[in-house]
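Take a look at the structure set out below.
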Amino acid sequence: MNLHSLSNMAVLTRLLVAILWFGSLATVTAAENTGFCAIDKPKEDCGDSVEEKDTFSSPLSVRYLLYDVNPPEGFNLRRDVYMRLAIFMHRIKKKENWRLVLPPWSQLYHWQSSNVGEQIKLPWRMFFDVKSLQKFAPVIEMEEFLGKIPKHRPAIDEVYILQHYKDMWDEGKEWQDRWSIEACIESTPYSKSGKAFKGPFWTYKNLTAQKVECASFQGHATLLKGLLNQSKAKVVMIDHAEVALHDTYGDHVYWECRRSMRFAHHLVEIAKGFRKTHLDSSDDYDGINRPEDWLEEKEQTTRGGGPYLAVHLRRKDFLWGRAKQVPDLQFAAEQIEEKMKELQLRKIFIATDAPKAEFAELKTHLSKFKVLRFEPSPTLKFEIKDGGVAIVDQIICSHAKYFIGTHESTFSFRIQEEREIMGFQRNTTFNRLCGREEGFPCTQPTQWPIVYK
């Protein structure tokens with residue numbers, strides 16, 4: 001496949017991207033002010049606030065929680081950290097008037113394309129359906145928050161940098177949830193400039209904070225309530241939010257949050273177009289039917305899927321970070337070919353960070369089959385950025401008849417969750433490639449079944 005093979009689809013999808021993108025710009029504020037639950041739910045169960053009647057400094061008005069994550073962390077781990085904070089907000093939204101401010105996406109390790117323009121300050125609506133997120137938790141985009149703050153004061157009142165306790169790993173130390181304000185163990189990226197602190201702040205040069213402190217933290221995200229309750233600040237930021245753990249992993253609230261993370265409509269449409277054109281796949285033909293609103297989703301069993309095998313083959317940093325579990329290209333091809341013969345399929349979709357030369361080599365090992373990857377035109381790639389390309393990859397993988405992932409890759413985890421939501425049989429979902437040193441077969445991923453109320 002080459003870049004020109006998607007040219008026809010790219011013309012149509014560019015129009016759709018533009019319509020959805022500018023439409024979302026016009027409607028985001030209205031949507032976010034309508035509340036944070038289904039329209040038919042009583043207002044006392046929603047995240048509606050009295051902010052519109054109050055000034056920014058009013059004690060009755062909304063408080064804002066901002067957060068950031070350790071810079072090296074990737075896109076899919078950051079999605080998981082969002083879930084920890086969103087579930088926390090979901091649990092307290094009936095009693096406390098907080099808004100979770102979605103941190104804009106900036107240059108990540110895997111976003112290495114040089115021909116897509118700057119990849120900084122990207123709003124969540126580029127990748128996710130923010131209206132869908134708001135039906136679970138009271139979240140807003142950063143730009144809306146910035147539009148509410150007075151210009152004469154630092155935007156952020158207090159920054160708390162989470163850090164692990166020094167004695168956390170001491171032998172015989174009993175685990176207990178705890179937090180305390182302490183001296184910073186490591187150097188921080190914040191520095192005092194006059195009466196305010198400057199810092200990274202998602203590359204916004206005009207953002208400052210009044211106070212920065214370190215908080216040793218050991219426990220679940222709910223423990224953040226104690227940290228917030230001891231503060232009277234209106235705007236609080238949690239840095240290194242990945243230190244806070246999931247309250248519960250895999251219960252129905254976790255899965256409600258995960259189900260609310262619908263992808264942006266324009267990316268879904270791009271994936272649909274690719275599946276239809278190159279993989280003979282459509283939702284109707286594959287037997288995959290999902291309601292528009294995740295709140296209407298019910299437990300289901302999907303026995304179909306697109307007539308292709310999907311593989312996530314992680315390369316680059318995994319080649320040295322998990323060398324024993326990541327196969328060489330020939331051994332990967334041997335495992336893929338065996339599964340293709342078993343399933344009697346002819347098409348393989350590969351989601352990979354492998355360079356073009358490695359992908360070409362992999363295709364030579366699989367010459368009996370049609371091997372595809374998503375390669376958007378330069379114009380389309382500029383519009384959806386590297387993050388959008390990765391999401392289209394995930395959508396296509398999640399619709400396949402059978403999926404094989406990479407050991408301990410969060411990219412593969414997210415695909416497995418998506419397939420679990422759609423009701424695929426778990427033996428078609430929780431699979432991975434084996435490293436040559438492990439041999440085949442090898443230990444497969446742990447299954448995390450979806451839970452409904």
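Note that the coordinates shown come from a computational prediction; the quantities given were computed from them, not determined experimentally.
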Practice task
Just do the side chain to side chain donor-acceptor pair (under 3.5 Å) check on Arg314 and Thr406 with the steps written out, would you?
Solution key: CA-CA 6 Å; Arg314 179 77 172 265; Thr406 292; over 6 Å; no

Exercise for the section: Count the heavy atoms of every other residue, nucleotide or ligand shown that sit under 6.0 Å from CD of Glu118, and state whether that count exceeds 12. Expected result: no

Handout entry: Pair Gln119, Asp386: side-chain N/O donor-acceptor within cut-off below 3.5 Å
Key = yes

Practice task
State the CD-OG1 distance between Glu73 and Thr410, to the nearest 0.5 angstrom.
Solution key: 8.5 Å

Exercise for the section: Would you indicate whether Trp175, at its atom CH2, is surrounded by more than 12 heavy atoms from other residues, nucleotides or ligands within a distance under 6.0 Å? Expected result: yes

Practice task
Could you tell me whether Glu143 and Arg125 have a side-chain N and a carboxylate O separated by less than 4.0 Å?
Solution key: yes

Practice task
For the pair Glu418 and Arg258, find out whether any cationic side-chain nitrogen is under 4.0 Å from an anionic carboxylate oxygen.
Solution key: yes

Exercise for the section: Would you please classify the geometry between the Phe374 ring and the Phe274 ring as parallel, tilted or perpendicular, with 30° and 60° separating the classes? Expected result: perpendicular

Practice task
Kindly determine whether Ser282 and Lys272 satisfy side chain to side chain donor-acceptor pair (under 3.5 Å), including the steps that lead there.
Solution key: CA-CA 7 Å; Ser282 69; Lys272 281 184 178 179; over 6 Å; no

Practice task
Return the minimal non-hydrogen interatomic distance between Trp255 and Val451, and the atom names on each side.
Solution key: CD1-N, 3.4 Å

Handout entry: Pairwise side-chain contact, Val69 with His240, heavy-atom cut-off 4.5 Å (strictly under)
Key = no

Completion exercise
Exactly one candidate in Arg262, Lys135, Lys131 meets salt bridge (Lys or Arg N to Asp or Glu O under 4.0 Å) with Asp293; the answer is Lys135

Problem - Note, Lys401 side chain near Thr428 side chain (heavy atom, < 4.5 Å) - result: no

Practice task
Take Arg178 and Ser216 through the test side chain to side chain donor-acceptor pair (under 3.5 Å) and record every step on the way to the result.
Solution key: CA-CA 8 Å; Arg178 52 179 175 153; Ser216 294; over 6 Å; no

Problem - Enclosure of Lys385 NZ (heavy-atom neighbours >12, cutoff 6.0 Å) - result: yes

Exercise for the section: Give, for atom CZ of Arg84 and atom CG of Leu224, the distance between the pair rounded to the nearest 0.5 Å. Expected result: 11.0 Å

Practice task
Indicate yes or no: at least one non-hydrogen side-chain atom of Leu228 is less than 4.5 angstrom from one of Ser231.
Solution key: no

Problem - Carboxylate-amine/guanidinium contact Lys324 Glu438, below 4.0 Å - result: no

Handout entry: Residues Leu66, Phe201; criterion side chain to side chain contact (heavy atoms under 4.5 Å, CB included); working and verdict
Key = CA-CA 10 Å; Leu66 289 71; Phe201 297 126; over 6 Å; no

Practice task
Looking only at non-hydrogen atoms, find the nearest pair between Asn70 and Arg78 and report the distance.
Solution key: O-NH2, 3.2 Å

Exercise for the section: Taking the side chain as every heavy atom from C-beta outward, state whether Asn431 and Tyr402 have any atom pair closer than 4.5 Å. Expected result: yes

Practice task
Measure centre to centre between the rings of His252 and Tyr452, then say whether the value is under 6.0 Å.
Solution key: no

Practice task
Please determine if Lys173 and Asp167 form a salt bridge, counting it only when a charged side-chain N lies under 4.0 Å from a carboxylate O.
Solution key: yes

Exercise for the section: Indicate the atoms forming the closest heavy-atom contact of His164 with Ile185, along with that distance. Expected result: O-CD1, 3.3 Å

Exercise for the section: Take Asp353 and Arg315 through the salt bridge (Lys or Arg N to Asp or Glu O under 4.0 Å) test and state the conclusion after the steps. Expected result: CA-CA 6 Å; Asp353 59 351; Arg315 305 291 288 168; over 6 Å; no

Completion exercise
So CD1 of Ile87 and NE2 of His220: to nearest 0.5 Å the spacing works out to 11.5 Å

Exercise for the section: On the 0 to 90° scale, with breaks at 30° and 60°, tag the Trp111-Phe127 ring pair as parallel, tilted or perpendicular. Expected result: tilted

Practice task
Using the six-membered ring wherever Trp is involved, compare the ring planes of Trp124 and Tyr82 and label them parallel, tilted or perpendicular (cut-offs 30° and 60°).
Solution key: tilted

Exercise for the section: Kindly assign one of parallel, tilted or perpendicular to the pair His246 and Tyr249, based on the angle between their ring planes and the thresholds 30° and 60°. Expected result: perpendicular

Practice task
Just jot down the side chain to side chain contact (heavy atoms under 4.5 Å, CB included) partners of Asn427, sequence neighbours excluded, or say none.
Solution key: Gln425

Problem - Atom pair CD (Gln416) and CZ (Phe430), whose distance is rounded to the nearest 0.5 Å - result: 5.5 Å

Handout entry: Between Lys121 and Thr203, a side-chain donor and acceptor under 3.5 Å
Key = yes

Exercise for the section: With side chain to side chain donor-acceptor pair (under 3.5 Å) as the test, would you mind laying out the steps for Gln218 and Asp177 before giving the verdict? Expected result: CA-CA 5 Å; Gln218 179 177 296; Asp177 283 5; over 6 Å; no

Exercise for the section: Would you check if there is a donor-acceptor pair between the side chains of Asp251 and Thr248 at a distance under 3.5 Å? Expected result: yes

Completion exercise
Nearest heavy-atom approach of Ile140 to Tyr64 is CD1-CE2, 3.7 Å

Problem - From CD1 (Ile161) to CE (Met237), nearest 0.5 Å - result: 8.0 Å

Problem - Gap separating the CH2 atom of Trp294 from the CD1 atom of Ile421, nearest 0.5 angstrom - result: 10.5 Å

Handout entry: Salt bridge Arg414-Glu417, side-chain N to carboxylate O under 4.0 Å
Key = yes

Practice task
Check whether any side-chain heavy atom of Glu292 sits under 4.5 Å from a side-chain heavy atom of His265, and report yes or no.
Solution key: yes

Problem - Ionic contact status for Asp280 with Arg275, cut-off 4.0 Å - result: no

Problem - Residues in side chain to side chain contact (heavy atoms under 4.5 Å, CB included) contact with Phe411, at least two apart in sequence or another chain - result: Asn76, His312, Ala351, Ala390, Asp393, Gln394, Ser409, Ile415

Handout entry: Minimum heavy-atom distance between Ile395 and Ala271, given as atom pair plus value
Key = CG2-CB, 3.5 Å

Practice task
Would you indicate whether the side-chain heavy atoms of Lys276 and Tyr285 approach each other to under 4.5 Å?
Solution key: no

Problem - Check: Tyr67 and Leu100 side chains under 4.5 Å, non-hydrogen atoms - result: yes

Handout entry: Shortest non-hydrogen contact between Ile336 and Ile348, atoms and distance
Key = CG2-CD1, 3.7 Å

Exercise for the section: Start with the C-alpha distance between Trp202 and Asp68, add both sets of side-chain angles, then the distance that settles side chain to side chain contact (heavy atoms under 4.5 Å, CB included), and finish with yes or no. Expected result: CA-CA 8 Å; Trp202 311 280; Asp68 206 351; 3.4 Å; yes

Exercise for the section: Quick one: sort the Phe75 and Phe128 rings into parallel, tilted or perpendicular, breaks at 30° and 60°. Expected result: parallel

Exercise for the section: Determine, for Glu96 against Lys225, whether the closest basic-nitrogen to carboxylate-oxygen distance falls under 4.0 angstrom. Expected result: yes

Exercise for the section: State, with a plain yes or no, whether a side-chain heavy atom of Lys347 is found less than 4.5 Å away from one of Pro307. Expected result: no

Practice task
Check the pair Lys453, Glu256 against side chain to side chain contact (heavy atoms under 4.5 Å, CB included), reporting the backbone distance first and the verdict last.
Solution key: CA-CA 9 Å; Lys453 285 186 179 180; Glu256 284 177 5; 3.1 Å; yes

Exercise for the section: Return yes when atom CZ of Arg303 has more than 12 non-hydrogen atoms of other residues, nucleotides or ligands closer than 6.0 Å, and no otherwise. Expected result: no

Handout entry: Stepwise side chain to side chain contact (heavy atoms under 4.5 Å, CB included) check, Ser281 with Tyr308
Key = CA-CA 9 Å; Ser281 170; Tyr308 58 96; 3.9 Å; yes

